[in-house]
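Note sheet for the following structure.
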Amino acid sequence: MSLGISLQWQLPSVIRSTRTSAAQLRTTDVFLSLPTVHSGRALQYSTIPSSSIATGKRDGRLRSIRCLSALDPNLKSTLDKVVTSQKIVLFMKGTKEFPQCGFSNTVVQILKALNAPFETLNILENEALRQGLKEYSSWPTFPQLYIDGEFFGGCDIVVEAYKSGELQELLERTLCS
């Protein structure tokens, strides 16, 4: 499960809280693995109810916030169908004819340079889609490239794979099969 809030970048990596009840003193450790280029996971937590996580305030006291999943079963099913409907699918800000983000434009230009036939979906048109995709792929940013039904990566990964020739080889294998 991932958390799609803007505060996630400001949270410390480990928060330790002490809670006192009438009967006992208990310590709860919360381990946060923030989204990075490599992990793609937004949060891991323990001994906290699945509907909330603990976050720190500036004064050192903890508060709990609600955490709702953006990926309902219907949206997951729809995304499964979309990413497998074409060999190459790019979820991006804008369209391939009019990218509305420099990162999205970069990936579009790479795919065009490789003469790859691809479909795009504008995530700016649907907030539920945008939030659900973050959880679906375990990737917090856009664009998101899917090749042959599998999440490939975001802009930085596409650029590196393009520079190394790996992307061209993968696309040739995918499009020939």
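Atoms considered below: every heavy atom in the structure, side chains included; atoms not considered: hydrogens, waters and symmetry mates.
When all heavy atoms of Leu167 and Tyr162 are compared, the closest pair comes out as CB-N, 3.9 Å. Nearest heavy-atom pair across Glu166 and Phe152 is OE2-CE1, 4.4 Å. Contact detail for Asn74 and Asp72: the closest heavy-atom pair is N-OD1, 3.1 Å. Residues Pro143 and Val107 share a closest heavy-atom pair of CG-CG2, 3.7 Å. Heavy-atom minimum distance, Asp148 versus Thr174: CB-CG2, 3.8 Å. Nearest heavy atoms, Ile88 versus Ala116: CD1-CB, 3.7 Å.
Taking the salt bridge (Lys or Arg N to Asp or Glu O under 4.0 Å) definition, one finds that Glu127 meets it with Arg130, sequence neighbours left out.
Between the side chain of Gln144 and the main chain of Ser137, no donor-acceptor pair closer than 3.5 Å is present.
Gln109 CD to Ser104 OG: the interatomic distance, rounded to the nearest 0.5 Å, is 11.5 Å. Atom CG of Leu121 is separated from atom CG of Leu133 by 8.5 Å, given to the nearest 0.5 angstrom. Interatomic distance, Leu145 CG to Thr120 OG1, rounded to the nearest 0.5 Å: 11.5 Å. To the nearest 0.5 Å, atom CG of residue Leu171 and atom CZ of residue Phe118 are 10.5 Å apart. The OG1 atom of Thr95 lies 11.5 Å from the CD atom of Glu119; values are rounded to the nearest 0.5 Å. Taking CD1 from Ile123 and CZ from Phe142, the interatomic distance works out to 4.5 Å, rounded to the nearest 0.5 Å.
Connection of Phe103 to Leu111 is not established within any shared hydrophobic cluster, with ILVMFWY side chains joined at heavy-atom distances below 4.5 Å, either directly or through further cluster members.
More than 12 heavy atoms of other shown residues, nucleotides or ligands fall within 6.0 angstrom of atom CD in Gln100.
For the pair Asp80/Thr84, no side-chain contact is recorded, criterion being any heavy-atom separation below 4.5 Å from C-beta on. By the 4.5 Å heavy-atom criterion applied to side chains, Thr106 and Val158 are not counted as neighbours. Put simply, the side chain of Met92 does not reach to within 4.5 Å of the side chain of Cys101, judged on heavy atoms.
Taking the six-membered ring where the residue is Trp, Phe91 and Tyr146 present perpendicular rings, their angle passing 60° and hence far from 30°.
Side chains of Gln131 and Glu135: no donor on one and acceptor on the other come within 3.5 Å.
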